[in-house]
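The structure appears right after this line, and notes come after that.
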Amino acid sequence: MARGFVESTAEMLRVLGCGLWDIAAQSLAGAEDSELARRLRGPAAAAGKRLSFMNEYLPEDRDPVRCWVVVAAVAFVTLIVLGVGSVDDTPVEQPKKLYIGPPSAKTIQLPDGRHMAYKEQGVTADRARFSLIAPHSFLSSRLAGIPGINPSLLEEFGARLVTYDLPGFGESDPHPGRNLNSSAHDMLHLAGALGIVDKFWVVGYSAGSMHAWSALRHIPDRVAGAAMFAPMANPYDSKMTKEERRKTWERWSTKRKLMHILARRFPALLPLFYHRSFLSGKQGQPESWLSLSLGKKDKTLLEGPMFNAFWEKDVAESVRQGDARPFVEEAVLQVSDWGFSLSGIQMQKREDLSFFELIKCLFSQAEREWVGFLGPIHIWQGMDDRVVPPSVTEYVRRVVPGATVHKLLDEGHFSYFCFCDECHRQIFSTLFGIPQGPINPVPEPSEVALELTEETTVPDKVKEEEQAISGLA
């Protein structure tokens, strides 16, 4: 059967070739009498006469026309082969392997037995005037925090910055059943384990902002305020208008749109892409691994050696466990039901009004009480951001009326948040006002008693000296 199929296919191809040859012959019939042929006949004859001396190098029994056609074809193919060969001979630099160092993180144990890795920067707990907790973004780790922040700035404002690995990232244990509610309570347990008694600030950058939003929604009584940088929102949120959704999607690259669709419809296919990029064990660029389209300032920053060194170290820590499941879980969380809407973070309190009170409200604008998170929410948004477009922040401002938006002209997704000392100082000044330094810790009772003892012994020594002097007199 196979041989019969091959023979039939060959016969059909032969018949097709004959048919094409006949069509070409019929099309060229009479072409020599055409106007174009008559015009080219004279120049062609003159050129052939000048080049006729080359026919002496051909065998006598060969038609010159056919021979020179074959020679021209062979020469053309040879040039192509030589060109391809010269390209292949050019050395291509192979991507370097990611270096993953030995485990070195501090960890705490959560109530369910999981271990969470964290990192502390800034002043100590007893001297902290402000405490900040920063969940990291996609393909990142506890090493990110606020990239490039100066330790002297934290000291100047008396700030303590705590970052941690999300479940399955870095050195934190995975949590297969996690959601944004469990994420907020993980943050709460971390604060308690590290002795953060007062309210703390949450820092949400890019995809990490959905964990910060969750803290505002689920544990608002423990949060002092929020600092958001290019915060994301669920692109499938029912509260988002068609125009807001259109503006958001049109700024994304085609590959990024595809990854969002896969995360929502076919998440089982995501590991195929992840293992070919950041889980391949090799180094790569953020644009290709995260399917990003970057503006001018972002490209300039990402090409610098400082960002590249940070990026390689942060990614290596993020993929330490080599498992695609945490990344799939994070991608699915971004585009699935969060369990709450951003419009539920700040709401006007509903009151059961009588019929006459409802009629009265129609003619008078009575202020209603707000409920939910009522602390400060600051949002910094680069207007040239193509990762989280400005349209997302416009939507957030509409549904979270208490948020303060700082529009950054010509800034992108990375340029204001990463490795910018002046920007970090502006951020801290906006959040905390004039720097007051760290808090002077209250001395322990034993230290106070020691000081009092030293004070009481001083007069005794003075009296002894006076008595000695009087004795000599």
Side-chain angles (χ1 to χ4, degrees), residues 106-111 116-136 142 144-146 149-166 172 180-205 208-229 231 345-346 370-380 400 402-404 424-445 447-448:
K106 299 177 181 178
T107 60
I108 64 166
Q109 188 170 12
L110 299 172
M116 174 185 286
Y118 69 94
K119 177 184 176 182
E120 293 179 279
Q121 294 175 270
V123 301
T124 57
D126 59 336
R127 302 175 64 228
R129 192 177 296 273
F130 304 102
S131 297
L132 302 94
I133 298 182
H136 62 77
R142 69 184 185 281
I146 302 177
I149 191 165
N150 198 324
S152 63
L153 183 66
L154 295 172
E155 179 76 21
E156 185 179 347
F157 281 87
R160 180 191 187 195
L161 176 62
V162 178
T163 56
Y164 63 97
D165 289 329
L166 293 173
S172 288
L180 291 181
N181 186 3
S182 65
S183 179
H185 285 86
D186 283 354
M187 199 182 304
L188 182 63
H189 294 310
L190 175 65
L194 298 183
I196 302 178
V197 180
D198 299 330
K199 294 183 178 182
F200 56 86
W201 287 73
V202 290
V203 179
Y205 169 65
S209 60
M210 67 178 178
H211 301 283
W213 289 128
S214 177
L216 301 185
R217 179 64 180 85
H218 294 293
I219 53 172
D221 296 337
R222 294 288 285 116
V223 180
M228 301 289 194
F229 303 88
I345 291 178
Q346 291 180 345
W370 287 86
V371 295
F373 180 75
L374 304 180
I377 302 175
H378 289 273
I379 299 175
W380 283 267
V400 187
T404 302
H424 296 162
R425 179 169 291 278
Q426 292 176 358
I427 293 166
F428 274 53
S429 298
T430 302
L431 299 178
F432 308 131
I434 300 174
Q436 303 178 37
I439 298 174
N440 293 323
V442 178
E444 296 293 333
E447 296 178 357
V448 175

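Keep in mind that the numbers below use all heavy atoms, side chains included, and drop hydrogens, waters and symmetry copies. All values derive from a computational prediction rather than experimental measurement.
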Let me confirm one number: the CG-NE2 distance from Leu180 to His211, rounded to the nearest 0.5 Å. 6.5 Å
Are the side chain of Arg425 and the backbone of Leu153 linked by a donor-acceptor contact shorter than 3.5 Å? no
Residues forming a side chain to side chain donor-acceptor pair (under 3.5 Å) with Glu155, sequence neighbours excluded: Arg127
Given 3.5 Å as the limit, does a donor-acceptor pair link the side chain of Gln346 with the main chain of Gly372, or not? no
Please tabulate, for the side chains in residues 184-193, all donor-acceptor contacts under 3.5 angstrom to protein atoms that are two or more places apart in sequence or on a different chain.
{"residue": "His185", "atom": "ND1", "partner": "Asn181", "partner atom": "O", "Å": "3.0"}
{"residue": "His185", "atom": "ND1", "partner": "Asn181", "partner atom": "OD1", "Å": "3.1"}
{"residue": "Asp186", "atom": "OD1", "partner": "Arg114", "partner atom": "NH2", "Å": "2.9"}
{"residue": "Asp186", "atom": "OD2", "partner": "Arg114", "partner atom": "NH2", "Å": "3.2"}

Indicate yes or no for a side-chain donor-acceptor contact from Thr430 to the backbone of Gln426 under 3.5 Å, with no hydrogens or angles considered. yes
Evaluate the side-chain proximity of Leu154 to Phe428: yes if any heavy-atom separation is below 4.5 Å, no if none is. yes
Give, for atom CD of Gln121 and atom OG1 of Thr163, the distance between the pair rounded to the nearest 0.5 Å. 6.0 Å
Taking the side chain as everything from C-beta on, heavy atoms only, tell me whether Pro231 gets closer than 4.5 Å to Ile379. yes
I'd like to know if the side chain of Ser172 and the backbone of Met116 have a donor-acceptor N/O pair within less than 3.5 Å. no
Interatomic distance, CD1@Ile108 vs OH@Tyr164, rounded to 0.5 Å, equals 10.0 Å
Taking only residues at least two apart or on different chains, which pairs with a member in residues 195-204 satisfy side chain to side chain donor-acceptor pair (under 3.5 Å)? none
